[in-house]
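We name chains A, B, ... by the order of the sequence lines, and we start the count at 1 in each one.
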Amino acid sequence: MNNIWGSMEQYDPVVWNWIIAVYLFMAGLSAGSMLVAIGLKWYRQSRGLPTEGLPVIKAAAVIGPVAICLGMALLVLDLTKPFEFYHILLNYNLTSVMAWGVIALLVYIPLVFVFAALVFEKQVLHYAPWLAGVLKVCGLLEGSLNKLIFALALGVGVYTGFLLSAMISYPILNTAVLPALFLASAMSAGSAGNILVATLFFSKKESDCIEQVHRIEYPVAFNEALCLVLLFVGLNFSGPAAQAATAAITTGTWASVFWIGVVGLGLVVPVLASTFAPKAWRHTKGFLITVSCSTILGVLALRHFVVYAGQSYIS
Amino acid sequence: MTKRYVLVHDENKCIGCQACNVACRSENNVPESVTRLQVRIEGPYGNFPHLHFKYNRVSCEQCENAPCVKVCPTGAAYVNDDGIVSVNENKCVGCLYCVAACPYKVRFINPETRVPDKCDFCKDSRLARGEQPACVSVCPTQALTFGDANDMTSEVRRVLDTKPNYQQKVNLGTEPRVYRIPSRRGGIKA
Ligand code: SF4
Ligand code: SF4
């Protein structure tokens, strides 16, 4: 469109900015780390292996609550009326994905704290002995709590995708693949985050559960790559506006972010590293830290790419 | 029958003078830096000697099936009893979801109230007094027709029934209530 008169300043299609991208990342990271930790717990329980004090589970107990709280703080500060955010807790419009997100998070956040408190029970009781009774009850319910947290974490991961895909005029966002893509990448970020924090703070030598987390990385990376392919192939077949939006991965800054960040750091580096790195390296701290940072940066890049490139193409 | 307020913009009569834009600004006290309504002059279209411009009214389309209302988490973006898509300043938290979701990109944050703002057919002022919206009454070429499309005797009904017209982005299913009478001069992609 060739605009001869009329200021376009107010009409920037990019409404949501990097703060939203970081929030979506944080919510995914928290949900992903919980999914991986609880999944690992179930896997080990089913084989009769001990689950107490595993570094990866401790890591999730840190990442789960911290990431979601940082994300929420960013989100609230980004509102135009941050001091009136309580309206969102009082009024629910159930056709809005955001309202469903609020409901899920209202249950998810406290439960993640309970999860963390149970993992660090000793430390918590040391500082707050009066919590003993509550923690005991929670401990008895742990099995059901974990199932609930798992379900809610799935919900949180998927909702961050639907939040964007509900916006009907942006072809890249308005696709059913997006929630699946966000869930898959939340799992990568979650497992990488767990490995990173476990390696940095909790690991002594037992790298066996890190090994198990590694094992889910391939299928998750595969799913993420598949979703990306489906997204862009789907766009290519969905009419002229959607087809035009495929330019997001061929032209402009966001194309570089996509190929270098999302594909390079997020998928190629971790997969090549785990495939070709010499055996001796694989369990060294440096290697684990480098690879998991690379994955995390890749997912962060993906959220930015989706938020910015997604809003740049409007049908 | 319930009212169905619609607006018709005749792109043949429009001369792009922005009288509507100015009238809206003063009627609704729209701050300097933002606008509820503008007529974009686009083009030129066609080939010499058949060159001409398109006058594109840009304002809230008053979607029957409004994406802004659907996505708003608190119900601050809502459909009023008279069918007019409105904003409840008190319930709004300023999440910008509606601004992002509006396919026509006509919502903006009012720098004074910090909540989304947009055309509401002057519902609280002129419409409440039984007058036409400011843009309609000020238009020097009478390019704008406003009224209740459910009233079979109304002028707006007659215009819609007798002139070719189109709406923007119908493929999205928003059912806009701003109709446009396309230029007779051809060469324009609607
Ligand atoms: S044009 Fe935009 S602001 Fe107006 S009703 Fe439709 S979606 Fe809402
Ligand atoms: S900015 Fe206000 S009106 Fe718009 S979606 Fe958010 S709460 Fe609703």
Side-chain angles (χ1 to χ4, degrees), chain A residues 1-17 19-20 23 75-103 162-171 173-174 238-241 307 310-311 314-315, chain B residues 16 18 21 33-36 38-45 53-58 65-78 88-111 113-117 169 171-174 189:
Chain A
M1 181 171 40
N2 173 350
N3 194 40
I4 299 284
W5 188 93
S7 161
M8 298 295 284
E9 208 180 319
Q10 183 186 312
Y11 301 91
D12 185 357
V14 181
V15 176
W16 274 351
N17 57 14
I19 296 186
I20 303 291
Y23 161 71
L75 200 60
V76 169
L77 291 177
D78 190 44
L79 299 175
T80 65
K81 290 164 56 182
F83 299 113
E84 288 175 44
F85 85 97
Y86 60 87
H87 285 297
I88 209 169
L89 303 174
L90 301 176
N91 303 290
Y92 294 88
N93 167 24
L94 295 183
T95 61
S96 167
V97 179
M98 196 182 283
W100 285 100
V102 172
I103 295 173
F162 278 120
L163 191 68
L164 297 181
S165 65
M167 300 200 276
I168 58 174
S169 59
Y170 300 114
L173 302 182
N174 186 29
S238 311
V307 166
Q311 289 180 97
I314 182 163
S315 67
Chain B
Q18 310 300 328
N21 178 336
S33 56
V34 286
T35 162
R36 281 188 180 193
Q38 63 170 237
V39 174
R40 265 182 220 154
I41 303 174
E42 296 163 7
Y45 287 95
F53 291 96
K54 176 186 163 84
Y55 301 112
N56 180 14
R57 176 181 165 115
V58 180
N65 192 3
C68 57
V69 172
K70 267 196 223 155
V71 300
C72 176
T74 64
Y78 71 105
N88 179 341
E89 288 182 16
N90 297 323
K91 274 191 184 176
C92 176
V93 294
C95 65
L96 301 189
Y97 203 3
C98 58
V99 179
C102 169
Y104 304 94
K105 289 285 152 277
V106 294
R107 294 176 82 92
F108 57 90
I109 293 295
N110 185 317
T113 59
R114 309 295 298 143
V115 300
D117 198 348
K169 303 191 182 184
N171 57 317
L172 296 176
T174 49
K189 281 182 262 155

message = For B/L172, which atoms come within 4.5 Å of any heavy atom of chain A: side chain, backbone, both, or neither?
response = both
message = Please check this pair: side chain of A/Y170 against backbone of B/A100, looking for a donor-acceptor N/O pair closer than 3.5 Å.
response = yes
task = Select, from B/V69, B/V58, B/N90, the one with the greatest count of heavy-atom pairs under 4.5 Å involving chain A.
result = B/N90
ask   = Relative to chain A, which segment of B/T35 carries a heavy atom at a distance below 4.5 Å: side chain, backbone, both, or neither?
value = both
inquiry  = If I take atom CD1 from residue A/I19 and atom CG from residue B/L96, how far apart are they, to the nearest 0.5 angstrom?
reply    = 10.5 Å
key: Exercise: identify the closest heavy-atom pair between B/E89 and A/K81   = O-NZ, 2.7 Å
task = Could you look at B/N171 and say if it's the side chain, the backbone, both or neither that has a heavy atom under 4.5 Å from chain A?
result = neither
task = Heavy-atom pairs under 4.5 Å with chain B are the metric here; pick the option from A/V102, A/L164, A/T95 that has the most.
result = A/T95
query = Residues in side chain to side chain contact (heavy atoms under 4.5 Å, CB included) with A/F85, at least two apart?
reply = A/V76, A/L79, A/L89
ask   = About how many Å separate NZ of B/K91 and CG of A/N91, when rounded to the nearest 0.5 Å?
value = 4.5 Å
ask   = Got B/V93 and A/Y86 here, is their nearest side-chain heavy-atom distance under 4.5 Å?
value = no
query = In terms of heavy-atom proximity below 4.5 Å to chain B, should A/I168 be classed as side chain, backbone, both, or neither?
reply = both
task = Among the options A/V14, A/T80, A/V15, pick out the one with the most heavy-atom pairs lying under 4.5 Å from chain B.
result = A/T80
message = Using 0.5 Å steps for rounding, measure from the NZ atom of B/K169 to the OG atom of A/S315.
response = 5.5 Å
message = Which one wins on heavy-atom pair count under 4.5 Å against chain A: B/A101, B/G75, B/C72?
response = B/C72
key: side chain to side chain donor-acceptor pair (under 3.5 Å) partners for A/N174, two or more places apart   = none
request  = Check B/Y97 against A/S96 and note the closest heavy-atom contact, atom names and distance.
outcome  = CE2-OG, 4.1 Å
query = Between CD of A/Q10 and CD of B/Q38, what distance do you get to the nearest 0.5 Å?
reply = 7.5 Å
query = Is a side-chain donor or acceptor of A/N93 paired with a backbone partner of B/P73 at a separation under 3.5 angstrom?
reply = no
query = Which region of A/L163, side chain (C-beta onward) or backbone (N, CA, C, O), has a non-hydrogen atom less than 4.5 Å from a non-hydrogen atom of chain B, or is it both or neither?
reply = both
message = Nearest 0.5 Å, please: how far is CD1 in A/I314 from OH in B/Y104?
response = 10.0 Å
key: Straight-line distance of B/C92 SG to A/I88 CD1, nearest 0.5 Å   = 9.5 Å
Chain B contact via A/F83 - side chain, backbone, both or neither, heavy atoms under 4.5 Å = neither
Heavy-atom side-chain contact between A/M167 and B/P67 under 4.5 Å = no
